[in-house]
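I have placed the structure first, in the form of structure tokens, so that the comments after it can refer back to it.
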Amino acid sequence: MASTIGVRWRLLAAFMGISALAALAAAAAIYFSYLVGGLMERIAEEQVPLALSSLELSRESERIMAAAPALLSVSDRDEHQALQQRIDTEAQELRELLAELERSGRNGDNNDAFNALAPAVAGIGKNLAALNDVISGRLEIAARERSLMDGLFEIHAETQKLLAPWVLTTDAEIRDLRDQSRDPARGPDQRAASALRLDARNETFRRLRSAELLASSINDTLLKATVEEDRARLDVHAFRLRRQLQDLQALAAELDPRLRALLMQRVAEFSAIAQGPDGIPRTQERELELLQRAEILLAENSAIARQLTTAVDRLVTGAKRGISEARGAVLSAQQFNSRLLISIVAVAILSSVLIVWLYVGRNLVGRLISLSDSMAAISRGSLDEPLAVGGEDEIARMAEALEVFRQTALVVRETNLQEIREARRRLTDAIESISEGFALFDADDRLVVANSRYGEQYPGLVDLVKPGVSFEQIIRAVVERGIVEFGDAGQAAFVRQRLEHHRNPAQALLQKQADGRWIQVSERVTGDGGRVAVYTDVTDLKEQELAVVQAKNQAEQALADLKQAQTSLVQAQKLALLGQLAAGIAHEIKNPLNFVNNFAELTEDLLQELRALLTARLGELDASTRAEVEDLFATLGGNLRKINEHGERADAIVRGMLAHSRGGAGDRRAVDINALLEESLNLAYHGARATDHEFNISLERDFDPDAGLVEVIPQDLTRVFLNLFGNSFDATRQRQVLPGQADYRPTLRVTTAGTDESVEIRVCDNGIGIGADILDKVFTPFFTTKPAREGTGLGLSISYDIIVGEHQGEIQVDSREGEYTEFRIKVPRRLQRDRLAAAPGHSEVIS
């Protein structure tokens, strides 16, 4: 057999065997290349998209969860509709993401995670629909509350308008009956009858005032109920309203029949707003129930979001596990391929060495060695080394086959690297697309990756935010560079607390930036012990919260101002009663004062008669005695004239007090304006001296002799002058007690100037003055710069009405704080009859 088969055929058989081994190696290499490519394609097309879609699903759910609480802050239906449309759109995107994820990524390994996703997404949609219904109901209740508040304000105003005229009329009747009961010109029976009627009218006045106070109390209780946040307190308000309405109804039954029916109607209107299912307390209770329901739904949403996040984490974990398994399979295939190729190449080399050494000789050894070196390099993974084996025999064909294998391996390696780079780019783009700041730290607490939003929220850390930097370095740089506000705790305490929260994150952390922004930090521990952090800018929500607090403070301030106004009204009522008491005292003084004046005149007449009777006898006396008698007569006459003069002056003062205390529209008559000013100035000065014996002021008068007569209501104009003089005295007192006023000399200057048509009066003091920011408010009712117990804020308002309304004049004020205040009054000499006749309630009497 050996002789028949020559060397050529044996060599050919050997080469054929070597070629077969090379072909087998090439086939194995191609097969395993396709196997590795399939595994990499599985990673790129199945696992990576699954992970990215899961992250997108989680991010979409977080956006919905973040937008849902904003529904509670909507104030109208347009805002509610716009926000709801945005949430519905994102919810639809969430459902579409879930459907796409189930189509592309469901398999037997992750069925449990997918089964948990669908109920969570459905639960979110159901809760959002329920929350939308709650917000719609709350908007309807808010509209109902606004309607009830408008009705309440209108009913309260109408009640006050109804009761005020009756109170004023009853008060006027009481004053008249008091004068009648004390008038000595009336008989005892008439005075007794007047006294009985006075008691009855006093009781009526008390009931009217009680009705006014009850109406105001009902209004206040209803206002408190509209802002009450405690359901138990709402029941207290409802009980209090029932008692107040019963008391008001009982008072109305005791009033005049003409007033009773109207007041009963107002009580019924109050009851409709205060009681029943559509009343203010029950409406507020329904709103509190809706708010409680909304909070429950938000809590359920949070729980569902956590379930969704857990399911997504399981999907991502499964995707990671699939990627790891595929990677392990690729490595195993590569290792097996390498071993197999090495074995085939070793057999081929051994056969070639034997054949070449025995049959071919040294001329083929070099080619085989070169081919062997190339194959060894390829087996070690060095695919870039070229093959340099020439010829056309079987060795050359082996080299060509090996070159094909090398090129194929190069293509496969480049394809794998390209796919890995593409997957990494997609993951980076996914993280960058997150609208919030995102940072991932490894188990050693060093930064792995962060998106650009993270750098935007911490602009002072651009040079520091890069992979490998520890979290402690970042937080210390944040404090040292003044990026956040750490309060009074100090830098060290802030860093310690922040590191503790980072290591053990329990709930979201709120940080205030140095530039005024608020950042909410949400951190979570990853499966490998790292930390993932999301940084959300919540400045708008924080500003809305501050706006709500500010609105609440403004409402509390308005309530305090209302209470102060009520105190001022009570003070004004006390002053009115004091004025009535002064009028009574003046009325009692008038009778003995009349006796003094009359007897002074009579005594002076008797003294003249006595002197006439003694004239004949005076001649009998010596000169010294006669001169002494004449001196006594002159002294007695002068004293009686002084008594009469001062008595008449006191009588004029009493008449002025009586006229001033009556108030209302009096008789207009022509008066000497200079005399009226002089009398008012002396009365105000002596009144101030009686109150404060140490008070002193320089009074300067510059009266125009041509000022003459002016047609006015004297008692009302006197009230204006007394008010202005009193304010001037108070202003000089306040300046006198200020530091550095040792050389200050209080001065009040009163000036008149007359023309053919009018008279101008100027009242100027050098007191503390009025600030420019409140100068335009001095004539506003109830506005005062004095403490509540020293001023009612009505004096200048009443003075304005008397000058402008009653006398068709003008009143202006000019002041410089710390220097002076000057009031300028212009009064026409004669009132225009047509304007007065057109005024409501006018009755003209001219004497």
Check whether any side-chain heavy atom of [X] sits under 4.5 Å from a side-chain heavy atom of [Y], and report yes or no.
X: I768; Y: E817; result: no
X: E173; Y: R201; result: yes
X: Y820; Y: D814; result: yes
X: E810; Y: V804; result: no
X: S181; Y: Q190; result: no
X: V720; Y: F823; result: no
X: F721; Y: N723; result: no
X: Q741; Y: R735; result: yes

Has [X] got a side-chain atom pairing as donor or acceptor with [Y]'s backbone, closer than 3.5 angstrom?
X: R197; Y: A192; result: no
X: Y744; Y: N766; result: yes
X: E819; Y: R816; result: no
X: T204; Y: A200; result: yes
X: D631; Y: A627; result: no
X: S680; Y: E678; result: no
X: R260; Y: L255; result: yes
X: H686; Y: L681; result: no
X: N219; Y: A215; result: no
X: D672; Y: L709; result: no

If the test is side-chain contact (heavy atoms from CB on, under 4.5 Å), which one of L717, L724, V763 qualifies with I825?
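Only one of L717, L724, V763 forms a side-chain contact (heavy atoms from CB on, under 4.5 Å) with I825, namely L724.
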Do you know which of R182, R186, R178 makes side-chain contact (heavy atoms from CB on, under 4.5 Å) with S194?
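With S194 as partner, R182, R186, R178 yield a single side-chain contact (heavy atoms from CB on, under 4.5 Å), made by R186.
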Closest non-hydrogen atom pair between [X] and [Y], with its separation:
X: I697; Y: T747; result: CG1-N, 3.8 Å
X: S210; Y: L251; result: CB-CD1, 3.6 Å
X: V671; Y: P714; result: CG1-CG, 3.7 Å
X: R829; Y: A707; result: NH1-O, 2.6 Å
X: W166; Y: T170; result: O-OG1, 2.6 Å
X: I673; Y: V710; result: CB-CG2, 4.0 Å

Indicate yes or no: does [X] engage [Y] in a salt bridge with an N to O separation below 4.0 Å.
X: R762; Y: E822; answer: yes
X: R207; Y: E254; answer: yes
X: R749; Y: D702; answer: yes
X: D171; Y: R175; answer: yes
X: E760; Y: R824; answer: no

Applying side chain to side chain contact (heavy atoms under 4.5 Å, CB included) to R209 and R206, what does each step give before you reach the verdict?
CA-CA 5 Å; R209 290 294 295 155; R206 184 192 64 78; 5.9 Å; no
Do we see a donor-acceptor contact under 3.5 Å between the side chains of R745 and S698?
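Yes, S698 and R745 have a side-chain donor paired with an acceptor closer than 3.5 Å.
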Would N682 and F725 count as a side chain to side chain contact (heavy atoms under 4.5 Å, CB included) here? Give the steps.
CA-CA 10 Å; N682 290 331; F725 298 154; over 6 Å; no
Evaluate side chain to side chain contact (heavy atoms under 4.5 Å, CB included) for L748 paired with E700, printing each intermediate quantity in order.
CA-CA 6 Å; L748 174 64; E700 297 180 359; over 6 Å; no
Enter the distance from [X]:[atom1] to [Y]:[atom2] here, rounded to the nearest 0.5 Å.
X: L162; Y: L262; atom1: CG; atom2: CG; result: 5.5 Å
X: L263; Y: E158; atom1: CG; atom2: CD; result: 12.5 Å
X: I811; Y: D801; atom1: CD1; atom2: CG; result: 10.0 Å
X: L198; Y: R191; atom1: CG; atom2: CZ; result: 14.0 Å
X: S799; Y: R719; atom1: OG; atom2: CZ; result: 8.5 Å
X: N202; Y: L177; atom1: CG; atom2: CG; result: 8.5 Å

Working note: H807 + I802, criterion side chain to side chain contact (heavy atoms under 4.5 Å, CB included); need CA distance, chi angles, decisive distance, verdict.
CA-CA 6 Å; H807 293 84; I802 291 173; 3.7 Å; yes
Could you walk me through whether T732 and D765 pass side chain to side chain donor-acceptor pair (under 3.5 Å), step by step?
CA-CA 7 Å; T732 56; D765 64 75; over 6 Å; no
Stepwise side chain to side chain donor-acceptor pair (under 3.5 Å) check, D704 with T752
CA-CA 5 Å; D704 184 1; T752 61; 5.9 Å; no
Would you say R701 has more than 12 foreign heavy atoms packed within less than 6.0 Å of its CZ?
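Enclosed: over 12 neighbouring heavy atoms sit under 6.0 Å from CZ of R701.
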Just wondering, more than 12 heavy atoms not from E630 lying within 6.0 Å of its CD?
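Counting other residues, nucleotides and ligands, CD of E630 exceeds 12 neighbours.
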Does R733 qualify as a cation-pi partner of F695, given the criterion of NZ or CZ under 6.0 Å from the six-membered ring centre and within 45 degrees of its axis?
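Ring-cation test returns yes.
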Would you please classify the geometry between the Y800 ring and the F779 ring as parallel, tilted or perpendicular, with 30° and 60° separating the classes?
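If you compare the ring of F779 with that of Y800, the planes turn out tilted.
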